[in-house]
Amino acid sequence: MPTTTNGAVELYYESFGDPDDPTLLLINGLGSQCIRYRVEWCERFVAAGFHVVRFDNRDVGLSTKFEGVIPDLRAVRAAVAAGDEPPVPYTLSDMAADALAVLDACGVDRAHVMGLSMGGMIAQTLAIEHPDRLLSLTSVMSTTGDPEVGRATPEANALLMTPAQPGPDGAVARAIEAAHTYGSPDHIDHDRLAAAAVEDYQRCFHPEGVARQLAAANASGSRSDALRSVQVPTLVIHGDRDRLIDPSGGRRTAEVIPGARFELIEGMGHDYPPAFWDHIVELVATHAGLR
């Protein structure tokens, strides 16, 4: 089992393809394990010319968990609003440093980086704080941290903040409810969702980590001003049916990063079913200069 460390944090990672090809580092979203980047999708990126690396963020999957630390989201938001230090066990900057540790373990000096949802926030943080390690940035279904953009619908926000019922049946029910609430409405496959939810549950069930990752995202505040100085070639992708992070979050990201390109995908929600894989691979490969 390949692992590396960032200080006391152990990080599980996997790679696909030829290490001599340009590396594409894939960063997951909130509470999402690296297996959400399905092997079949990773292999399509490999076929496009990438060496692909996926990894479990801290507090999820097979990476280190921060047991016993329960963040107070209201206190975090109040501290950010007041300009004070938020009371969180870690930040998006720490999670970005985890990504660098994975690149170091793979012997990669510079990589193309794609992050989805919270993973997009981490990827943006990498571009701000470690631009020398990025060949390109792709931010997908994400936002800048500005409170007036990227807002969830009331229904999506309520579901996000409500714990799933325990057990694999609860995991399956939550996956299906999420797909109907903020997923791609024309591509909801209950069998596929159920199989993936059970696989996630059996690999690692750790709902406590979601609250800590959410606190890290909230603690970062707005990145807009810092993103205005980013010179990394940037592609921003968003689905027009996203109800968890409104497309305005993607548009704002592209507006503040100089030269960024914005691509709105028709019919895609806050998920990435197989129907959209080839299109996203084509967009990312073209952005990276492999097309």
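Because the structure is predicted, anything quoted here is derived from the model rather than measured. For the numbers below, each heavy atom of this structure counts, side chains included, while hydrogens, waters and symmetry mates do not. Residues: numbered from 1 along the sequence shown.
Cation-pi contact between R203 and Y12: present, with separation from the ring centre below 6.0 Å and deviation from the ring axis of at most 45°.
Considering only heavy atoms from C-beta on, L283 stays 4.5 Å or farther from H287 through its side chain. Side-chain contact between P168 and Q202 is absent, with no heavy-atom pair separated by less than 4.5 Å. Within the 4.5 Å cutoff, no side-chain heavy atoms of H279 are placed close to those of M268. Residues E40 and P274 form no side-chain contact, since every pair of their non-hydrogen atoms from C-beta on lies 4.5 Å or further apart. At least one side-chain heavy atom of Y272 sits under 4.5 Å from a side-chain heavy atom of W41. In this structure, V149 and R251 have side chains that are not in contact, with every pair of non-hydrogen atoms separated by 4.5 Å or more. Put simply, the side chain of V80 does not reach to within 4.5 Å of the side chain of N218, judged on heavy atoms. H238 has its side chain out of reach of T253: every pair of non-hydrogen atoms, C-beta onward, lies at least 4.5 Å apart.
In summary, the side chains of N28 and N57 do not present any donor paired with an acceptor at a separation below 3.5 Å, with no hydrogens or angles considered. T181 and E155 share no donor-acceptor pair across their side chains, judged by distance under 3.5 Å alone.
For residues 104-121, the set of pairs meeting the side chain to side chain donor-acceptor pair (under 3.5 Å) definition, not counting sequence neighbours, comprises D104-R133, H112-S136, S117-H270. Legend: side chain to side chain donor-acceptor pair (under 3.5 Å) pairs involving residues 17-27, not counting sequence neighbours, sorted by first then second residue: T23-H51. Pairs of residues two or more places apart, or lying in two chains, that qualify as ring pair (Phe, Tyr, Trp, His ring centres under 6.0 Å) and include a residue from residues 57-89 are F66-Y90. A ring pair (Phe, Tyr, Trp, His ring centres under 6.0 Å) check over residues 156-180, counting only residues at least two apart or in different chains, returns the pairs H180-H190. Among residues at least two apart or in separate chains, there is no ring pair (Phe, Tyr, Trp, His ring centres under 6.0 Å) pair with a member in residues 125-152.
Looking at D246, its side chain does come within 3.5 Å of a backbone N or O of S248 through a donor-acceptor pair. Checked by atom type and distance alone, the side chain of E208 never pairs as donor or acceptor with a backbone atom of D59 at under 3.5 Å.
Atoms CG and CD, on L92 and Q213 in that order, are 9.5 Å from each other to the nearest 0.5 Å. Atom CZ of F55 sits about 9.0 Å away from atom CG of L26, to the nearest 0.5 Å.
The salt bridge (Lys or Arg N to Asp or Glu O under 4.0 Å) search around R54 returns E14, not counting sequence neighbours.
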Discussion item. side-chain contact (heavy atoms from CB on, under 4.5 Å), that's the test. Do R174 and L159 meet it? Break it down for me.
Written reply: CA-CA 9 Å; R174 169 51 59 87; L159 183 61; 3.4 Å; yes
**Derivation of the side-chain contact (heavy atoms from CB on, under 4.5 Å) call for L73 and M161** = CA-CA 11 Å; L73 285 179; M161 302 306 293; 3.7 Å; yes
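Using a 4.5 Å cut-off between side-chain heavy atoms of Ile, Leu, Val, Met, Phe, Trp and Tyr, with links allowed through other members, I237 and L264 fall into different hydrophobic clusters.
Annotation for R252 and D146: closest pair NH1-OD2, 3.3 Å, computed over non-hydrogen atoms.
A salt bridge links E199 and R38; the closest N-O separation between the charged side-chain nitrogens and carboxylate oxygens is under 4.0 Å.
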